[in-house]
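Working notes, structure below.
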Amino acid sequence: MKRLDQFLSENSILTRSKAKDAVRSGRVTVNAVKAKDPAMKIGDTDEVMLDKEPVTATGPVYIVMNKPAGVLSATEDGKDRTVLDIVKESEKIPDSIKKKDLFPIGRLDKDTEGLLVITDDGKLSHDLLSPSKHVEKTYFAVCTGTPAEDAAERFSDGIMVGEDYKALPAKLQVVSQEDGRCELLITLTEGRFHQVKRMCHEIGSEVEYLKRVSFGALKLPEDLKPGDLMLMPDFPEKVRTEK
Ligand code: URA
């Protein structure tokens with residue numbers, strides 16, 4: 001059970017105080033009867049209408065974004081544009097969703113592009129980021145250098161990053177190499193600060209371009225351009241549970 005004004009503010013474009021005003025001015029009905037009290041309790045089966053339009057409870061929200069370079073994976077920032085600024089400016093996202101407590105699941109560096117999920121589902125975020133779940137994240141990197149023969153083996157054994165940190169086993173696939181440059185696909189199950197860049201540095205390659213292409217079973221849709229986003233009706237169960 002939830003207060004009527006809370007239900008309205010969570011599931012329509014009204015703020016909590018505007019929801020109270022709407023109830024008091026007779027714009028809201030509950031089970032076809034005009035509501036008078038914003039504190040009235042609403043259950044799952046009650047039918048709420050605002051200005052004769054049904055208001056239904058929305059579940060958690062999942063937005064898939066191709067994060068563009070130059071934007072922070074944060075909710076707000078005094079200086080730089082954030083992924084939440086992109087969501088708020090998007091015409092594809094209804095106002096009722098923009099009002100939710102949305103946040104990105106994990107972070108990509110400012111100069112990294114690619115798959116980012118934005119949600120208000122704290123449990124899903126916790127599950128996907130929990131080190132014990134070992135959710136795989138795959139990155140496409142364009143780098144300087146030519147990886148040595150044993151580079152993939154060093155990644156799969158767990159490469160030393162700096163002097164004090166041994167990365168968890170990771171996959172390295174050399175997509176192409178030519179004229180002292182290479183394209184790599186790197187799959188990790190952890191997400192430490194600048195992890196891909198630091199691991200590539202250890203094999204003598206500096207990352208010049210980085211894009212996340214998958215997160216668990218969720219792939220970056222090919223037609224989603226940097227800066228573009230889409231609302232997912234639900235988060236695929238396969239992605240939630242994938243090891
Ligand atoms: N690894 C990095 O170095 N940067 C990212 O943005 C993500 C993974």
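In listed order, ligands and their atoms are each counted from 1. For reference, positions follow the sequence shown, starting with 1. Side chains are part of it too, since the values below use all heavy atoms of this structure and drop only hydrogens, waters and symmetry mates.
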Nearest to atom 7 (C) of ligand 1, what protein heavy atom do you find, and at what distance?
-> Tyr139 CE2, 3.5 Å
May I ask you to identify, for Leu188, whether its side chain, its backbone, both or neither come under 4.0 Å of ligand 1 on a heavy-atom basis?
-> neither
Distance-only N or O hit between ligand 1 and Val196, under 3.5 Å | yes
Answer yes if the side chains of Asp46 and Asn31 hold a donor-acceptor pair under 3.5 Å, and no otherwise.
-> yes
Test item: Val213 and Tyr139 side chains (from C-beta on) under 4.5 Å apart, heavy atoms | no
protein heavy-atom neighbour closest to atom 4 (N) of ligand 1 works out as Asp109 OD2, 2.7 Å
Just by modelled atom types, is the Gly114 backbone N or O under 3.5 Å from a matching donor or acceptor in the Asn66 side chain?
-> yes
Got a donor-acceptor contact below 3.5 angstrom from the Asp121 side chain to the Leu124 backbone?
-> yes
Would you say Leu184 and Cys200 make side-chain contact, with heavy atoms under 4.5 Å?
-> yes
Looking at Thr112, which atoms of ligand 1 are within less than 4.0 Å of one of its heavy atoms?
-> 4 (N), 5 (C), 6 (O)
Taking distance alone, with no angle check, do Arg107 and ligand 1 share an N/O pair under 3.5 Å?
-> no
